[in-house]
*Asks:* 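The structure that follows is given in the form of structure tokens.
FYI, the numbering just counts along the sequence from 1. Values reported hereafter were calculated over all heavy atoms of this structure, with side chains retained and with hydrogens, waters and symmetry mates removed.
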Amino acid sequence: MSERVLREVLSKRDPQGYYIVPAAREGLKALSKELLEQVLVEEAGDVVLIRTKSRRVAEAVARTLLSKGYLRT
């Protein structure tokens, strides 16, 4: 199931070409400083949208959030 969720998140891009990874606000604390420096974070209520042009970074963010239970779909 987790691989299916990751594929679903990574298969979509916004019109500007960014991968969008939705996360619980608390999930930002689970991400390393290095990952946070490579993404844009937009707050939308209790969910944050993590945007990046890099598929590798998007996958690393999504895997980290999924393992900690912070990934939203």
Side-chain angles (χ1 to χ4, degrees):
M1 175 170 161
S2 62
E3 288 300 317
R4 183 184 58 79
V5 171
L6 286 174
R7 266 185 280 142
E8 182 181 317
V9 169
L10 296 175
S11 68
K12 298 180 224 164
R13 287 185 172 193
D14 72 0
Q16 292 82 29
Y18 285 91
Y19 290 98
I20 306 279
V21 182
R25 184 177 303 274
E26 305 83 38
L28 291 176
K29 296 175 187 168
L31 299 176
S32 69
K33 182 179 175 184
E34 292 79 25
L35 279 178
L36 286 173
E37 290 174 350
Q38 300 177 59
V39 299
L40 300 171
V41 177
E42 295 180 8
E43 297 182 17
D46 61 341
V47 173
V48 292
L49 302 175
I50 301 169
R51 301 174 72 208
T52 181
K53 291 239 181 184
S54 167
R55 182 178 175 87
R56 182 189 59 79
V57 172
E59 184 174 358
V61 167
R63 283 189 186 279
T64 301
L65 294 171
L66 182 63
S67 71
K68 307 273 186 196
Y70 293 122
L71 186 66
R72 299 293 181 251
T73 56

*Asks:* Decide whether L10 and L66 are clustered together by the hydrophobic rule: side chain heavy atoms of Ile, Leu, Val, Met, Phe, Trp, Tyr closer than 4.5 Å, transitively.
*Replies:* no

*Asks:* Mind checking what makes side chain to side chain contact (heavy atoms under 4.5 Å, CB included) contact with A23, not counting sequence neighbours?
*Replies:* V48, I50, L65

*Asks:* Grab the two heavy atoms, one from V57 and one from S54, that are nearest each other, plus how far apart they are.
*Replies:*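 Looks like N-OG, 3.1 Å.
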
*Asks:* Side chain to side chain contact (heavy atoms under 4.5 Å, CB included) for Y18 and L40? Distances and angles first, verdict last.
*Replies:* CA-CA 10 Å; Y18 285 91; L40 300 171; 3.8 Å; yes

*Asks:* Under 3.5 Å, sequence neighbours excluded: what are the donor-acceptor pairs made by side chains of residues 30-38?
*Replies:*
from	atom 1	to	atom 2	distance (Å)
S32	OG	L35	N	3.2
Q38	NE2	E34	O	3.1

*Asks:* As an exercise, state the distance from OH of Y70 to OG1 of T64, rounded to the nearest 0.5 Å.
*Replies:*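 Rounded to the nearest 0.5 Å, the OH-OG1 separation comes to 12.0 Å.
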
*Asks:* Kindly give the heavy-atom pair with the smallest separation between Y19 and R13, and that separation in Å.
*Replies:* OH-NH2, 2.9 Å

*Asks:* Would R4 and E8 count as a salt bridge (charged side-chain N to carboxylate O under 4.0 Å, His left out) here? Give the steps.
*Replies:* CA-CA 6 Å; R4 183 184 58 79; E8 182 181 317; 3.7 Å; yes

*Asks:* Pairs in or reaching into residues 39-60: which pass salt bridge (Lys or Arg N to Asp or Glu O under 4.0 Å), with residues at least two apart or in two chains?
*Replies:* D14-R51, R25-E43, E42-R51, E59-R63

*Asks:* After noting the C-alpha distance and the side-chain angles of V61 and T52, does the key distance pass the side chain to side chain contact (heavy atoms under 4.5 Å, CB included) rule?
*Replies:* CA-CA 10 Å; V61 167; T52 181; 5.9 Å; no

